[in-house]
Amino acid sequence: MRLILLGAPGAGKGTQATFIKEKFNIPQISTGDMLRAAVKAGSALGIAAKQVMDAGGLVSDDIIIGLVKERLTHADCANGYLFDGFPRTIPQADALKEAGVTLDYVLEIDVPDSAIIERMSGRRVHPGSGRTYHVTFNPPKVANLDDATGEELIQRDDDKEATVMKRLSVYHEQTEVLVDYYNQWAESGAPGAPKYRKIAGVGAVEAIRDAAFEALAK
């Protein structure tokens, strides 16, 4: 099973990725993890990436694709792989295609912006333990206080509505075009084209998981 997960920030990709990688016994590949591992290992690509990052720049697509190709040679990719948060742009998708990286499926988890804003902006966290709550879906027993300690809960900056809206805006501008990119490639019937599947990412986590498994069995 070789696939890409697509969806807006907060669509639940991380949760579903965990289910998928366990079911198919495949690694979840994120560019952030790969970059950190390459830098730590001191590989040629890792050194090149570190120089760019230390200078405050963005690591080029060439380096990222190089890391991807290197990562796919590892033994844990024998059964396949799941790309999470990559590719993010059309040039990255083109580079992935030109590198001959095989894909079986592209799975889109579709969630309306309004649901994502409600989902993320309602999160509250207990800083000491990392326990999380939601003002609507999983509220603490006493408003804004941790159940175990009674200490005050916080809203992380990443979860504030203005930040969430900004992240969604970036997604719609830069990454949502990949929906059409992969959809059209799938419909073209070209050799090597992946199957494109779209599921609704709202409702119970288990129901979304079952929909994902069903989509990946067609």
Who pairs with [X] by side-chain hydrogen bond (donor to acceptor under 3.5 Å, both in side chains), at least two apart in sequence or on another chain?
X      : result
Lys50  : Asp54
Asp76  : Arg71
Tyr105 : none
Glu173 : Ser169

List the atom of [X], the atom of [Y], and the distance in Å for their closest heavy-atom pair.
X      : Y      : value
Ala211 : Ile199 : O-CG2, 3.8 Å
Gly46  : Val39  : O-CG2, 3.5 Å
Ala190 : Trp185 : CB-NE1, 4.2 Å
Ser121 : Arg124 : O-NH1, 2.9 Å
Leu5   : Ala17  : CD1-CB, 3.8 Å
Ile64  : Thr31  : CG2-CG2, 3.7 Å

With sequence neighbours left out, what residues match [X] under side chain to side chain contact (heavy atoms under 4.5 Å, CB included)?
X      : result
Ser30  : Asp33
Ala115 : Val111, Pro112, Val202
Pro9   : Arg167, Leu168, Tyr171
Gln51  : Ile47

CZ/Arg2: more than 12 non-hydrogen atoms of other groups inside 6.0 Å
yes
When you look at CE of Met1, are more than 12 heavy atoms from neighbouring residues, nucleotides or ligands closer to it than 6.0 Å?
yes
With sequence neighbours left out, write down each residue that passes salt bridge (Lys or Arg N to Asp or Glu O under 4.0 Å) with Arg119, or none if nothing qualifies.
none
Partners passing salt bridge (Lys or Arg N to Asp or Glu O under 4.0 Å) against Asp113 (at least two apart in sequence or in another chain)
none
With distance as the sole test, does [X] use its side chain to make a donor-acceptor pair with the main-chain N or O of [Y] at under 3.5 Å?
X      : Y      : value
His134 : Glu118 : yes
Thr132 : Val125 : no
Lys21  : Gln28  : no
Glu161 : Ile117 : no
Asn79  : Ile26  : no

Could you measure the distance from the CD atom of Glu152 to the NE2 atom of His126? Nearest 0.5 Å is fine.
10.5 Å
Would you give the length of the straight line joining atom OG1 of Thr102 to atom CG of Leu96, rounded to the nearest 0.5 angstrom?
9.5 Å
Please determine whether side chain to side chain contact (heavy atoms under 4.5 Å, CB included) holds for the pair Asn144 and Leu153, giving the CA-CA distance in whole Å, both sets of side-chain angles, and the decisive distance to 0.1 Å.
CA-CA 5 Å; Asn144 218 36; Leu153 303 175; 3.9 Å; yes
With sequence neighbours excluded, give me every side chain to side chain donor-acceptor pair (under 3.5 Å) pair touching residues 188-211.
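Sorted result for residues 188-211: Glu108-Tyr196.
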Any non-hydrogen side-chain atom of Ser43 less than 4.5 Å from a side-chain atom of Glu70?
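Heavy-atom side-chain distance check passes, below 4.5 Å.
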Of all residues at least two apart in sequence or in a different chain, which pass the ring pair (Phe, Tyr, Trp, His ring centres under 6.0 Å) check with His74?
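With neighbours one apart ignored, the set is empty.
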